[in-house]
Each structure stands twice: as structure tokens, then as C-alpha cells.
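Okay, handing you the structure first.
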Amino acid sequence: MNHTNATAQTISIPAWDSLQRAPGEARVLGRFERVVDLLLGDDILALATPDVGCGPFHLVVDALPAAPLPDRVAVRVLPDVVQVGPWRFALPAELPLWNPRPPWGQLALIPARLAALREVVSAAACAGSVSPLAQALYNGAHTDGGELQKAHAKSQSRQEIFTQTHFIRKTAQQLHAEILKDLCGSAALREVSHKPPTLDAAVAALAGWGPGLTPSGDDFLAGLMLALWARQGEAARPLCARIAAAAAPRTTRLSGAFLRAAAEGLADQRWHTLLHALAGSSDGALETAAQAVLAFGASSGLDMLTGFLWGNLTTDDGRRTTSR
């Protein structure tokens, strides 16, 4: 690995726009083996290796240089190079621009493919997952916390596990009811439960819930918003904007950026592949795509998939699905 130099391979359209208005200094939000997240003014820029792939904020480079990166770094954008502190990334003459927006209007999710995805995600959640959120929603029907209790018995009391499981399931169900009312506009649905909370309150309860730079509750909400885009297309924008507006101020800067990206209908390369598999007919392609999403982060992929499947339970109008 070169100490300071590398070469850019592709960049997302939002990331390119962020670099064009870069303020001259960036703050390092997170350092990982394959990704470094930077805050450029109000924008996020993720320096990512090819095995991470394209994402809404990604500048994909052939390698991350070995030179240490300070917490605050100068950023310079020249015609043939991007300099981030001591790191220099050569820009090819024709650097590919990647569009993080899936072709929502062309995607018709097949119910049988969604059912197959649900089986894959359920198996992952029940197989000793590190995600309390996913385990609560897939196993929480047991009053003792089910598999969630086994996974966390060393660090949590029985009562803590029960309380956590109940909170997650109740909040997700309330969010389901509120979104259903918004999508269907039915007065009868407003009586779905006794004094139901507003959508904003249900979102706020999940926002920032869980550890990490992108907490589990935020990943769930991001996946749910992608489901709304998949089902409703451009019509999902106002509802997703409302979800992001309620959630983003209650979480980390990085997670808030990902929530706002999901609200705009933007997704990373893994999700593009998965969405196309859900609209296709190959079980093998779906399994491979689902496993790629599940492999993202400690639990982020599983939590996003859980939200995505939850979002696909919000309405039975079938407008954006096929009967295959």
C-alpha cells in the first residue's frame, strides 16, 4: 500500500457535488479498515475501498493510504487530484459518476421474492444475531424474550430483555399503524389503537436507538423508507421526508445523513443489486444479494432489511408489485 497516494475509481453524484463545494477543511467522523467518513461542511464524504463498493456519499479508491489521518484535515480539489490531509487521490480524466438512485419507476417487486427474502432475514435474525432489534421483531412473540434472552443473558437481566423486546415491538407496530394511515388515508384506520401516537413520535422513539455511528433504530428506519420508495415511487417522498425530519436531529451526524439519503430514495450498490433481484426471477441471485446486504456492518444490514420487510407490510394495495 502506498503511504500517501491512491487512485479514485468512481464517485457518487452527491459526493462529487460535495467536493465541488468543499469548505477547505473536513472533520473525520469515523475510521474503519475499509472506509473513512468525513464531514465536509454539512455534507458527508466516505472514502471507500472497492470491496465496499458504491454508496450515496462514496468516493471509491483503489486503497486507503497508510499515512495517519488527523481528526481535522485540509481538503483541496484540483482538476487531477483530491487531497485530504496527507492523502492524495489521483482523479482519472474520465472518472465514472455513479447514480445512487435506483430506477424506482421500473422496479416491480415480486411477492414471492419478498417472501423468500423474509425467510433469509428471519433465519439470520434467529441464528444468534447481534441485533436486538431484529431478534425482538422476529422472536419477540415469546413473552420471555425468546432468542433475545439467550443472546444477551450475560449482560442483561430477564426484566431488561423483556422491556427492550416489548419496546421494540410496540414501537414498530405503532409506526406500522401510523404509516398505514398516511398511505391509505382511511378514517377507520385512525381507530387502529387507543390514542395512537403520531408518526413523528413513533419515529422519534426509534431514532438513535442502539449503539454505533448508525444505530439499529436508524438502520430500521432507513430500510423502511427504501420499502416505501419501492412500493410508492416518487409518491413516497413527502412521507419519507417527514420520517427523516423527525429522526435525523435525534441521532449521529453520519446516521442522520444516511437517513436523509434514504428519504431521497438513495441506496448503496448492495441494495441496487438486491432490489433488482426482488424484481427478477432467480433464487440464486436473491440469496447472493441478500447475503451481501446482511454482511454490511455488525448489524446494519440486518436491521435495514428488517425495516425494509416491515415497510412492505404497510399496505396491501399491490400497486407496485407483480403477481409472479
Side-chain angles (χ1 to χ4, degrees), residues 1-102 212-214 218-219 222 248 251-262 264-273 292-293 295-298 300-301 304:
M1 181 188 299
N2 191 286
H3 192 61
T4 59
N5 296 338
T7 300
Q9 294 188 345
T10 186
I11 188 170
S12 73
I13 294 172
W16 179 255
D17 292 341
S18 295
L19 281 177
Q20 303 313 300
R21 56 177 179 266
E25 183 180 75
R27 180 160 62 92
V28 177
L29 293 180
R31 297 180 181 87
F32 307 93
E33 182 180 355
R34 301 177 298 166
V35 180
V36 173
D37 295 309
L38 305 173
L39 181 65
L40 298 174
D42 293 326
D43 298 333
I44 299 294
L45 176 68
L47 306 174
T49 56
D51 52 340
V52 173
C54 300
F57 319 117
H58 289 190
L59 170 59
V60 180
V61 298
D62 60 357
L64 292 177
L69 200 63
D71 290 340
R72 291 187 178 273
V73 292
V75 177
R76 295 182 65 200
V77 183
L78 303 173
D80 59 347
V81 67
V82 172
Q83 184 164 354
V84 179
W87 295 0
R88 292 172 59 87
F89 301 103
L91 299 178
E94 296 184 3
L95 179 65
L97 292 178
W98 185 75
N99 185 359
R101 182 180 301 280
L213 288 174
T214 59
D218 300 344
D219 291 328
T251 189
T252 66
R253 292 292 293 266
L254 181 62
S255 195
F258 277 109
L259 285 166
R260 285 187 286 270
E264 290 288 323
L266 308 184
D268 70 23
Q269 193 169 13
R270 296 179 183 88
W271 274 93
H272 283 237
T273 302
V293 174
F296 182 69
S300 287
M304 281 192 72

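Heavy-atom basis, side chains included; hydrogens, waters and symmetry copies ignored.
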With sequence neighbours excluded, residues passing side-chain contact (heavy atoms from CB on, under 4.5 Å) with Q20
W16, V77

Keeping the roles fixed (side chain from S12, backbone from P56), state whether a donor-acceptor pair exists under 3.5 Å.
yes

Are the side chains of P65 and F89 in touch, meaning some heavy atoms are under 4.5 Å apart?
yes

Would you please test Q269 and W98 for side chain to side chain contact (heavy atoms under 4.5 Å, CB included) and show each step?
CA-CA 9 Å; Q269 193 169 13; W98 185 75; 4.2 Å; yes

Testing the basics here: between C54 and T10, what is the closest heavy-atom pair and its distance to 0.1 Å?
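Closest approach of C54 to T10, heavy atoms only: SG-CG2, 3.5 Å.
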
Is a side-chain donor or acceptor of R101 paired with a backbone partner of E264 at a separation under 3.5 angstrom?
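Indeed, once roles are kept as given, a pair shorter than 3.5 Å links the two residues.
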
Just to verify, what does A267 make a side-chain contact (heavy atoms from CB on, under 4.5 Å) with, not counting sequence neighbours?
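Only P102, L226, W271, H272 meet the side-chain contact (heavy atoms from CB on, under 4.5 Å) criterion with A267.
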
Taking the side chain as every heavy atom from C-beta outward, state whether W87 and L47 have any atom pair closer than 4.5 Å.
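Yes, side chains in contact.
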
When rounded to the nearest 0.5 angstrom, what is the spacing between CG in L29 and OG1 in T252?
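L29 CG to T252 OG1: 8.0 Å, rounded to 0.5 Å.
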
With heavy-atom distances below 4.5 Å as the criterion, would you say the side chains of L38 and I44 are in contact?
no

Is the shortest side-chain N to carboxylate O distance from R31 to D37 below 4.0 Å?
no

Under the side-chain hydrogen bond (donor to acceptor under 3.5 Å, both in side chains) test, residues paired with T49 that sit two or more places apart:
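Expected list: D51.
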
Taking the side chain as every heavy atom from C-beta outward, state whether D43 and D17 have any atom pair closer than 4.5 Å.
no

Which atom names give the shortest non-hydrogen contact between A292 and R270, and what distance separates them?
O-CD, 3.3 Å

Quick one: does R21's side chain get under 4.5 Å of L40's, heavy atoms only?
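No; the side chains remain at least 4.5 Å from each other.
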
Any sub-3.5 Å donor-acceptor pair from D62's side-chain atoms to T7's backbone N or O?
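Yes.
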
Would you give the length of the straight line joining atom OG of S18 to atom CD1 of I13, rounded to the nearest 0.5 angstrom?
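It comes to 12.0 Å.
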
Please name the pair of heavy atoms, one in G53 and one in H58, separated by the smallest distance, quoted to 0.1 Å.
O-ND1, 2.9 Å

Short side-chain to backbone donor-acceptor contact, S255 and T251, under 3.5 Å:
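Absent.
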
On a heavy-atom basis, which atom in A26 and which in V75 lie closest, and how many Å separate them?
CB-CG2, 3.6 Å

Roughly how far, to the nearest 0.5 Å, is CZ of R88 from CZ of R76?
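The CZ atom of R76 sits 8.0 Å away from the CZ atom of R88.
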
Between P70 and P86, is any pair of side-chain heavy atoms under 4.5 Å apart?
yes

Side chains of L95 and Q9: closer than 4.5 Å at any heavy-atom pair?
no

Would you say R253 and L39 make side-chain contact, with heavy atoms under 4.5 Å?
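SC-SC contact between R253 and L39 confirmed.
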
Under 3.5 Å: donor-acceptor pair, side chain of E33, backbone of V35:
no

